[in-house]
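Because the structure is a prediction, the values reported are computed rather than measured.
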Amino acid sequence: MVPVILDRHNRLSSSDLQSRLKNIDLGNGRVFSADQITEFVDQMQVYEGAMYEISTKLEILDDEFQVRFSHDPIHHMERRLKSINSIIGKLERKGLAISVESVKDNLFDVAGIRVICNYRDDVYSVSNYLSSQSDIQVLRVKDYIKNPKQNGYRSLHVIYAVPVFLSSGAHYTPVEVQFRTIAMDYWASLEHALRYKTDLPDARLSEHSQTLLDCARSLQNIEVQMQNIHRDINGAPQVGEAPKTSD
């Protein structure tokens with residue numbers, strides 16, 4: 001079974017992006033120059049190319065697991081590119097210059113893929129197999145599965161650099177990949193909705209946050225039990241370590 005891929009954006013439209021860039025007010029009456037617009041469009045195409053390179057590699061890995069172990073580790077994937085407004089907003093919050101160079105030097109999550117796996121073993125197996133490919137660099141790893149956030153959030157975040165081949169040569173481009181199980185994703189979606197539910201009283205928000213923290217602990221225990229059953233039935237590969245950053 002090929003994993004379902006959900007795109008949270010349409011394929012990049014150069015004309016649409018150019019139009020949006022022309023209409024962005026940079027403050028004090030400043031707007032992007034024609035050269036800056038061209039630079040941004042070109043760079044966003046590179047980010048999109050990197051995102052599709054990684055997702056294709058993940059599809060191939062999922063197919064290989066099916067052949068070798070009769071098991072599909074990836075339930076589904078979601079791809080997304082940050083909007084130009086989100087990119088500029090993040091640069092402004094960080095006090096950084098609004099330029100393509102600033103994006104390339106400071107933002108590593110412009111292109112993103114969320115990989116929803118069936119089991120925790122699958123998270124580590126897929127991430128490690130992807131990391132071991134010779135044309136990929138691992139830039140950063142944050143393991144929130146072994147070290148959950150204070151609110152109960154669990155996921156494995158890995159920033160990869162993958163080559164995008166253009167007429168000018170190979171351009172290594174970062175893509176943030178979030179690996180998580182179905183249960184982790186289910187929990188994170190509800191927590192995200194609660195975090196942005198601004199019309200709830202503080203007391204209710206606090207109550208729900210505590211309940212979600214309790215749920216996170218319960219889900220973790222349930223996942224461990226189900227993982228053990230899965231291991232016993234299928235003998236799937238057991239990997240319990242996050243990938244290491246490239247030297």
Side-chain angles (χ1 to χ4, degrees), residues 2-63 74 76-116 130 133-140 157-179 189 192 196 246:
V2 176
V4 176
I5 301 177
L6 306 175
D7 276 320
R8 285 183 281 158
H9 79 296
N10 296 321
R11 290 301 298 257
L12 188 67
S13 166
S14 298
S15 58
D16 180 56
L17 183 54
Q18 286 173 343
S19 177
R20 279 182 282 163
L21 286 163
K22 287 177 183 176
N23 293 321
I24 289 176
D25 182 3
L26 298 174
N28 299 321
R30 293 180 301 117
V31 294
F32 285 116
S33 69
D35 287 344
Q36 286 175 316
I37 290 173
T38 299
E39 270 191 296
F40 263 105
V41 171
D42 289 347
Q43 186 58 38
M44 291 303 291
Q45 288 176 330
V46 172
Y47 281 121
E48 185 178 57
M51 182 178 67
Y52 280 91
E53 285 283 340
I54 291 285
S55 65
T56 298
K57 287 175 176 292
L58 288 165
E59 287 182 82
I60 293 170
L61 279 173
D62 190 72
D63 289 342
I74 300 175
H76 70 277
M77 293 188 286
E78 301 174 6
R79 297 183 292 221
R80 71 103 182 95
L81 279 179
K82 273 189 181 296
S83 69
I84 195 66
N85 287 331
S86 294
I87 291 170
I88 292 172
K90 191 165 186 177
L91 289 175
E92 289 176 337
R93 289 193 299 275
K94 289 176 172 284
L96 299 169
I98 310 299
S99 68
V100 168
E101 285 305 312
S102 188
V103 173
K104 290 164 65 176
D105 291 343
N106 299 283
L107 302 188
F108 299 94
D109 61 346
V110 173
I113 302 174
R114 185 168 293 152
V115 181
I116 314 303
L130 181 61
Q133 295 190 9
S134 60
D135 60 341
I136 281 184
Q137 298 172 4
V138 181
L139 302 182
R140 187 182 304 164
H157 294 194
V158 185
I159 296 176
Y160 295 100
V162 62
V164 178
F165 292 92
L166 304 176
S167 58
S168 54
H171 296 253
Y172 272 84
T173 306
V175 178
E176 183 188 54
V177 184
Q178 297 179 0
F179 299 92
S189 297
H192 182 272
Y196 290 97
S246 302

Residue pair I87 / M44, side-chain heavy-atom distance below 4.5 Å: yes
For a quick test of reading the model, state the closest non-hydrogen atom pair linking P174 to L139 and the distance between them. CB-CD1, 4.2 Å
With side chain to side chain contact (heavy atoms under 4.5 Å, CB included) as the test, would you mind laying out the steps for L130 and I54 before giving the verdict? CA-CA 9 Å; L130 181 61; I54 291 285; 4.3 Å; yes
What residue pairs, at least two apart or across chains, pass salt bridge (Lys or Arg N to Asp or Glu O under 4.0 Å) with a residue in residues 97-114? E78-R114, K82-D109, K90-D109, E101-K104
Just wondering, do Q133 and I60 contact through their side chains at under 4.5 Å, heavy atoms? no
On a heavy-atom basis, the closest approach of V31 and L26 is C-CD1, 3.8 Å
Would you compute the distance between atom CG of N85 and atom CG of L21 and round it to the nearest 0.5 angstrom? 9.0 Å
Applying side chain to side chain donor-acceptor pair (under 3.5 Å), run through S99 and S102 and close with a yes or a no. CA-CA 5 Å; S99 68; S102 188; 4.6 Å; no
Nearest heavy-atom pair of S14 and Q45: which atoms, and what distance? OG-NE2, 2.9 Å
Measuring from atom CZ of R79 to atom CG of L58, what distance do you get when rounded to the nearest 0.5 angstrom? 10.0 Å
Step-by-step side chain to side chain contact (heavy atoms under 4.5 Å, CB included) determination, V175 to E53: CA-CA 10 Å; V175 178; E53 285 283 340; over 6 Å; no
CD1-CD1 distance between I98 and I88, expressed to the nearest 0.5 angstrom: 6.0 Å
If you compare all heavy atoms of S55 against all heavy atoms of I113, which two are closest, and at what distance to 0.1 Å? N-CD1, 3.7 Å
Going by atom type alone, with no hydrogens or angles, which donor-acceptor pairs under 3.5 Å involve a side-chain atom of residues 36-43 and a protein atom two or more places apart or on another chain?
unit_1	atom_1	unit_2	atom_2	d
Q36	OE1	S33	N	2.9
Q36	OE1	S33	OG	3.4
T38	OG1	A34	O	3.1

Identify the heavy atoms of R30 and D25 that sit nearest to each other, and give their distance. O-OD1, 3.6 Å
May I have the step-by-step check of side chain to side chain contact (heavy atoms under 4.5 Å, CB included) for Y160 and V138, ending in yes or no? CA-CA 5 Å; Y160 295 100; V138 181; 3.9 Å; yes
Let me confirm one number: the CG-NZ distance from N106 to K94, rounded to the nearest 0.5 Å. 7.0 Å
May I have the step-by-step check of side chain to side chain contact (heavy atoms under 4.5 Å, CB included) for S19 and N23, ending in yes or no? CA-CA 7 Å; S19 177; N23 293 321; 4.0 Å; yes
Donor-acceptor check, side chain of S168 to backbone of L166, threshold 3.5 angstrom: yes or no? no
List the residues meeting salt bridge (charged side-chain N to carboxylate O under 4.0 Å, His left out) with R140, not counting sequence neighbours, and say none if there are none. none
What are the two closest heavy atoms between R80 and A111, and how far apart are they? NH1-C, 3.7 Å
